[in-house]
Structures are given as structure tokens and as C-alpha cells.
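In what follows, every heavy atom counts, from backbone to side chain, and hydrogens, waters and symmetry copies are set aside.
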Amino acid sequence: MELWVIATIAAAAVQTIRFMLQKRLKGLGLSTGGATFSRFLFAVPLAGLGVAVLVALRGYSLPPLGLMFWAFAVAGGVAQIIATFCTVALFSERSFAVGIAFTKTETVQVALFSAVFLAEAVSGLGIVAILIGLAGVLLLSRPAEGWLAGKILNRATVLGLLAGGFFGLSAIGYRGATIEIANPDPLFRAMLALACVTAFQTVAMALWLRWREAGEVTKVLGQWRATFPVGVTGVLGSLGWFTAFALQNAAYVRSVGQVELIFSVLVSLLVFGEKPKAREVAGMALLAVSIIMIVALA
């Protein structure tokens, strides 16, 4: 099994744990912004320490980071903040497994982004896979009172689609950032890019919370016993994603990362005791079929 596949599967597993921990933060009185901020705050010193260790052990020097690197890094960082914010907010709308499943529309959206921004043609079978994934999303987002009585674009649908889209954009940004670092070691490129991105995200989120939610940063720090594990799992999961992005096309990485669906269902059942409805299982199954087809066509 190739390294990028191992890194992707490990990242998906750790990310599932992080989302589980973040969902619990909502019960500690933290806002959606505070729970999102905890994802980045404690990751910065850990990522910085990782860079320092690699520099000391392998004798690397820090390469110059050009304008293109920062453009990719900042764009990816902003997209991830928005995506994480939407995902945490989504947990209040649907079950844990369904919330994660909504974000998996990312694979379908990345295919569309590739066609629009990268001029990569989508085959006939690719279009079929996209439509199957869309059917899965519609099943997952069906209002409790039914389609005729409710609105198709309900809050859960919008949050899920936004999360998936911005996670896709962040993947493209991070892939570009790792490519721009002049070093042959994918682990070092991943760690350095991660340290830069998380530092930017922490500063940006701290300024946002100070402006919009005064006192929320203090709450996050006050709940450090609960928020620190979120930061640890966040940096470990991100390191896996960044390492995979440094080695392989972001579309392939995210496609394999859909294994997180299986992890999220297990967490939903075993940890939160949330039994998915038959319709929701069918929706996730259709998404899985769509993912498999896209992987096969890649």
C-alpha cells in the first residue's frame, strides 16, 4: 500500500475522533466559533515543534516561502475555517454520522471545481457518479415533514454543501502549498505547510472572535482540558492530509478519504447511540457508490 493511501486513511480516522470531540465541546458552553477555534489554537505549537524536530534531526534549512505558497496556504486556511465552522454548526441540525456524510459531497464538488477551474473534462460515467452522489445528498437532507411540505434548501442541506465545498477548496489550496516548498521530503513539506497554515488560522480566528464574540477565546482557554485534545487530533489529522497532498493529487486523496464515512457511522452508533434511519443509510450508501465510481475513474 502506497504511503499517501496510508496517510489518508490515518487522517480520516483521526479526523473522525476530532469531530467527535468538537461535538462534545458544544455541551461545554462554547459557541460554534469557539469550538472551531479550538481546532487550531493548540495545533500551532505542536506543528512548530514538528518542524523544529525535522530541522534538527535531518539537517534541513527553512526554504524561502514565496507569494504563490502564501496564496495557496491562506486560501486553503480560510476555506478550512469556513468548512469547519459549517460542520460544527451542522451537528446541531442532524446526527453525527449524517453531518459528516454531508461534508462528503466534497468529492462531487471537487470534480466540478476541476472542470471549471482546471479545464479537466468529466466523462459520461463521471457525470453519472455525480448524479448518484446528488441523489444521496437529497435523501440525507430530506426534511422531517417531507419534500412537499418542507423546503429542499433547508439549513442542514446548505451547511453540508458549504462544508463540502470549502473542504474541497482547502484541499486544492493545501496541495498547491506543499508543491511550492522547495524540499524533496514530503513529511517536511507537509509539516512546514501545516505550521504556517495553522498559525495564520489561529491569528485570523482570534481576531474574528475578539470582534464578534468577546470573551470566547478566554472560554476556550478556560476549557483547555477539553479543547487541548481537539488541537492534538487536529494537528495529527492535518499532518496526514498534508503528507498525502504532498505525494498525490488532491482529488485522489479526498476520494480515498471518504472511508471516514464508515468511521463516522461507527462513532455515531457506539459513542453517541444515534441509530441512523433507513433513508439516511440509503443516502450514505448512494454517496459511497458515487465515491467508489469516482475513485475507479480517477
**Message:** Would you compute the distance between atom CG of Leu209 and atom NZ of Lys219 and round it to the nearest 0.5 angstrom?
**Reply:** 11.0 Å

**Prompt:** Angle class for the Phe228/Phe42 ring planes (parallel below 30°, perpendicular above 60°, tilted otherwise)?
**Reply:** perpendicular

**Prompt:** Do you know the tightest heavy-atom contact between Met205 and Gly33?
**Reply:** CE-O, 3.4 Å

**Fill in**
Quick note, side chain to side chain donor-acceptor pair (under 3.5 Å) partners involving residues 59-69, not counting sequence neighbours, are Tyr60-Asp185

**Prompt:** Should the pair Phe245 and Trp241 be assigned to parallel (<30°), tilted (30 to 60°) or perpendicular (>60°) ring geometry?
**Reply:** parallel

**Request:** Examine Ile181 and Leu3 and state if one hydrophobic cluster contains both, with Ile, Leu, Val, Met, Phe, Trp and Tyr joined whenever side-chain heavy atoms are less than 4.5 Å apart.
**Result:** yes

**Request:** Would you name the heavy atoms of Pro186 and Ala246 that are closest together and state the gap between them?
**Result:** O-CB, 3.9 Å

**CH2-CZ distance between Trp208 and Phe37, expressed to the nearest 0.5 angstrom** = 14.0 Å

**Prompt:** Can you name the closest pair of heavy atoms from Ala204 and Ile81 and give their distance?
**Reply:** CB-CD1, 4.5 Å

**Hphob cluster co-occupancy, Leu65 + Phe72, side-chain heavy atoms under 4.5 angstrom** = no

**Within-4.5 Å side-chain heavy-atom neighbours: Leu221 and Leu41** = yes

**Prompt:** Does Val14 reach the side chain of Ser238, with side-chain heavy atoms less than 4.5 Å apart?
**Reply:** no

**Complete:** Nearest heavy-atom contact between Ala163 and Ala83 is O-CB, 3.6 Å

**Request:** Each residue besides Leu57 in its hydrophobic cluster should be listed here, by chain and number; the cluster joins Ile, Leu, Val, Met, Phe, Trp and Tyr at side-chain heavy-atom distances under 4.5 Å.
**Result:** Leu49, Val53

**Asked** Between atom CG of Leu207 and atom CZ of Arg212, what is the distance when rounded to the nearest 0.5 Å?
**Response** 14.0 Å

**Item:** Main-chain N/O of Gly77 paired to Gln201 side chain as donor or acceptor, under 3.5 Å
**Value:** yes

**Request:** Would you indicate whether the side-chain heavy atoms of Val235 and Thr198 approach each other to under 4.5 Å?
**Result:** no

**Asked** Going through the checks in order, is the side chain to side chain contact (heavy atoms under 4.5 Å, CB included) test met by Leu247 and Thr178?
**Response** CA-CA 9 Å; Leu247 292 167; Thr178 58; over 6 Å; no

**Message:** How about CZ on Phe167, more than 12 heavy atoms from neighbouring residues, nucleotides or ligands closer than 6.0 Å, or not?
**Reply:** yes

**Request:** Please answer whether the main-chain N or O of Ala182 pairs with a side-chain N or O of Arg189 as donor and acceptor at a distance below 3.5 Å.
**Result:** no

**Prompt:** Is Val44 reachable from Leu194 through a run of hydrophobic residues whose side-chain heavy atoms are each under 4.5 Å from the next?
**Reply:** no

**Side-chain donor/acceptor of Thr233 to backbone N/O of Ile17, under 3.5 Å** = no

**Message:** Hydrophobic cluster membership, with links at side-chain heavy-atom distances under 4.5 Å among I/L/V/M/F/W/Y: are Val232 and Trp224 in one?
**Reply:** yes

**Request:** Would you check if the side chain of Tyr174 reaches a backbone N or O of Phe242 as a donor-acceptor pair within less than 3.5 Å?
**Result:** no

**Asked** Can you tell me how far the CD1 atom of Ile82 sits from the CZ atom of Phe85, to the nearest 0.5 Å?
**Response** 10.0 Å

**Asked** Where is the tightest heavy-atom contact between Ile132 and Leu286, given as atom of each residue plus distance?
**Response** CG2-O, 3.4 Å

**Prompt:** Is there side-chain contact between Arg58 and Leu187, with at least one heavy-atom pair below 4.5 Å?
**Reply:** yes

**Item:** Backbone N/O of Ser31 and side chain of Glu216: donor-acceptor pair under 3.5 Å
**Value:** yes

**Message:** Side chains of Leu62 and Val51, heavy atoms from C-beta outward: is any pair under 4.5 Å?
**Reply:** yes

**Message:** Testing the basics here: between Gly34 and Val220, what is the closest heavy-atom pair and its distance to 0.1 Å?
**Reply:** O-CG2, 3.5 Å

**Complete:** Interatomic distance, SG@Cys86 vs CG@Leu162, rounded to 0.5 Å, equals 5.0 Å

**Asked** Going only through I, L, V, M, F, W and Y residues with side-chain contacts under 4.5 Å, is there a path from Leu54 to Leu46?
**Response** yes

**Prompt:** Does any non-hydrogen side-chain atom of Val217 lie less than 4.5 Å from one of Arg210?
**Reply:** no

**Message:** Using side-chain heavy atoms (C-beta onward) and a distance below 4.5 Å, is Pro64 in contact with Phe69?
**Reply:** no

